[in-house]
Number of protein chains: 2
Amino acid sequence: MTTDSRDSRRQRTESAILEAAGELFAETGYERTTIRTVAARAGIDPALVMQHFGSKEGLFAAVARWPDDHSRVLDASVETLPRAALEDLLGTFEAHGEREAAAALMRSCLTHPTATAVMRDEVMCERTAAVEALLDGQDVELRAALFGACMIGLGMARYLIELPALAAASHEDVVRLMEPVLRQLVDPA
Amino acid sequence: MTTDSRDSRRQRTESAILEAAGELFAETGYERTTIRTVAARAGIDPALVMQHFGSKEGLFAAVARWPDDHSRVLDASVETLPRAALEDLLGTFEAHGEREAAAALMRSCLTHPTATAVMRDEVMCERTAAVEALLDGQDVELRAALFGACMIGLGMARYLIELPALAAASHEDVVRLMEPVLRQLVDPA
DNA sequence: GTCTATATCTTGATAGAC
DNA sequence: GTCTATCAAGATATAGAC
């Protein structure tokens, strides 16, 4: 039995809202997701969403984020970086909860101004800076940026656009085939 | 002086609508673009947009499309494919008119159902099938799909998200650094 | 052909009863 | 804490005058 204290009820409501909002933002993006559909999926009243998160923007900010880096890209070496980055990306989208948070941000990052800024400045720029720090030779900044572009393209094509051949491929095959591709940017020798 | 015949006036109005709509769909995507803002930018009345294109969906369909393939990916060989694909993508975004059409489709392809289907089925699947036909060895289908994923990631990161290091890079540097990356997928030897 | 006026709907957000 | 009722704004789309 669940308790019925004020706090526990409030927490259960908030969890239900967060879960429903994560799914809907991930599936349809910011604009097509409405407070009403979130409430309906959570099985609660629309006014409760406002009570808990203040605004639609507040709800989106609470839901859409890039999960922590599992692969420790910062700790990687030139040798381990390509595989580590791939395992991180694929792992994020294979973990329940993280998948929705990442997909929500990614889905809206071309159309929602805040999501665009977060994706560019907090996700991509930060990661490409970490990649850049590991590189040697010429054009390190651009090579790191292209590394990020390939990663974001992989994520979008596989998980959002769902290009059939790519969405159906196994985790292992994707890593195996993409690893030497990224290595070409890390170590062009 | 411009003529004032019925047809020429109608054509000028339609051109103005198409140009304004292309810019706005490209800049802000389907949802945030309104009939009113299109009309305002075109300097005409909102009702005229409906008169000419029937609906917002109709206007979007008339504007958002992937331009023809300049590089003749179909005619390319394994040797020329990576560079041809890159020149095609970059060329599209450097050509006025084509840029807006492509950006409009790309900008909305994660959030607008029709745009998603067009991008996946008519743009990516068709092109990856052409790439696939050129490949030898194992995993040709998946390698072609990953080729497409890298290309779409490059386009989105450079022209829509505008990752600073990538948006600022020269055409030549992007082609030079990406060409061996794509070659790794075309010819993994 | 073009525009005025408006119908109709949907949205985010608020006020207040319980 | 939760829900009913509603507001105000903005959207697409339509009807009809000129």
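The analysis underlying the following values was restricted to heavy atoms, covering all of them including side chains, and did not include hydrogens, waters or symmetry mates. Residue numbering restarts at 1 for every chain, and letters A, B, ... go by the order of the sequence lines.
- Rounded to whole angstrom, the span from the NE2 atom of B:His52 across to the C1' atom of C:dT2 amounts to 9 Å.
- Looking at B:Val123 and B:Ile152, their side chains never come closer than 4.5 Å, going by heavy atoms from C-beta outward.
- One atom, CD of B:Gln11, and another, P of C:dT2, lie 12 Å apart when rounded to the nearest Å.
- Taking atom CZ of residue B:Arg10 and atom P of nucleotide C:dT2, one finds them 8 Å apart after rounding to whole Å.
- Closest to the B:Lys56 side chain, of the nucleotides D:dA13, D:dT2, C:dC3, is D:dA13.
- A:Thr28 places no side-chain N or O within donor-acceptor distance of the main-chain N or O of A:Phe25, the cut-off being under 3.5 Å.
- The side-chain heavy atoms of A:Leu163 and B:Cys125, taken from C-beta on, include a pair separated by under 4.5 Å.
- With D:dC3, D:dA13, D:dT14 as the choices, the nucleotide that has an atom nearest any side-chain atom of B:Ser55 turns out to be D:dA13.
- Defining each end axis of the helix from C:dG1-D:dC18 to C:dC18-D:dG1 as the rotation carrying four pairs' C1' atoms onto the next four, with five pairs an end, the two axes are found to diverge by 10° to 10 degrees.
- A:Arg83 CZ to A:Leu86 CG: the interatomic distance, rounded to the nearest 0.5 Å, is 8.0 Å.
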Which atoms of nucleotides 6-9 of chain C (N or O only) lie under 3.5 Å from a protein N or O atom, and what are those distances?
none

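- A residue-by-residue look at B:Met50 and A:Thr13 shows that A:Thr13 has its nearest nucleotide of DNA chain D further toward the 5' end.
- The aromatic rings of A:Phe93 and A:Trp66 sit perpendicular, their planes meeting at an angle over 60°, well past the 30° parallel limit.
- Atom-to-atom, CD1 of B:Ile35 to P of D:dT14 comes out at 11 Å; the value is rounded to the nearest Å.
- Closest to the side chain of B:Asp7, from the set D:dT14, C:dG1, C:dC3, is C:dG1.
- Note: CG (A:Leu48) to P (C:dT14) measures 15 Å, nearest angstrom.
- Ring geometry for B:Phe60 versus B:Tyr30: interplanar angle over 60°, hence perpendicular rather than tilted (30 to 60°).
- For B:Ala47, counting side-chain heavy atoms from C-beta on, the closest listed nucleotide (D:dC3, C:dG12, D:dT14) is D:dT14.
- Hydrophobic clustering (ILVMFWY, side-chain heavy atoms < 4.5 Å, transitive): A:Leu24 and A:Leu110 are in distinct clusters.
- B:Thr37 comes within contact range of no nucleotide atom at all, as no heavy-atom separation falls under 4.0 Å.
- Toward the 5′ end of DNA chain D lies the nearest nucleotide of A:Ile44, the other residue of the pair B:Thr33 and A:Ile44 mapping further downstream.
- Taking atom CD1 of B:Ile17 as the reference point, atom C1' of C:dT2 lies 11 Å away to the nearest angstrom.
- Side chain to side chain, A:Thr111 and A:Ser108 fail the donor-acceptor criterion of an N or O pair below 3.5 Å.
- For the residue pair B:Glu57 and B:His112, a side-chain donor N or O sits within less than 3.5 Å of a side-chain acceptor on the partner.
- Atom CZ of B:Arg12 and atom P of C:dG1 are 13 Å apart (whole Å).
- With sequence neighbours left out, A:Arg127 forms a side-chain hydrogen bond (donor to acceptor under 3.5 Å, both in side chains) with A:Asp88.
- In this structure, CG of A:Asp45 is placed 13 Å from C1' of D:dT6, rounded to the nearest angstrom.
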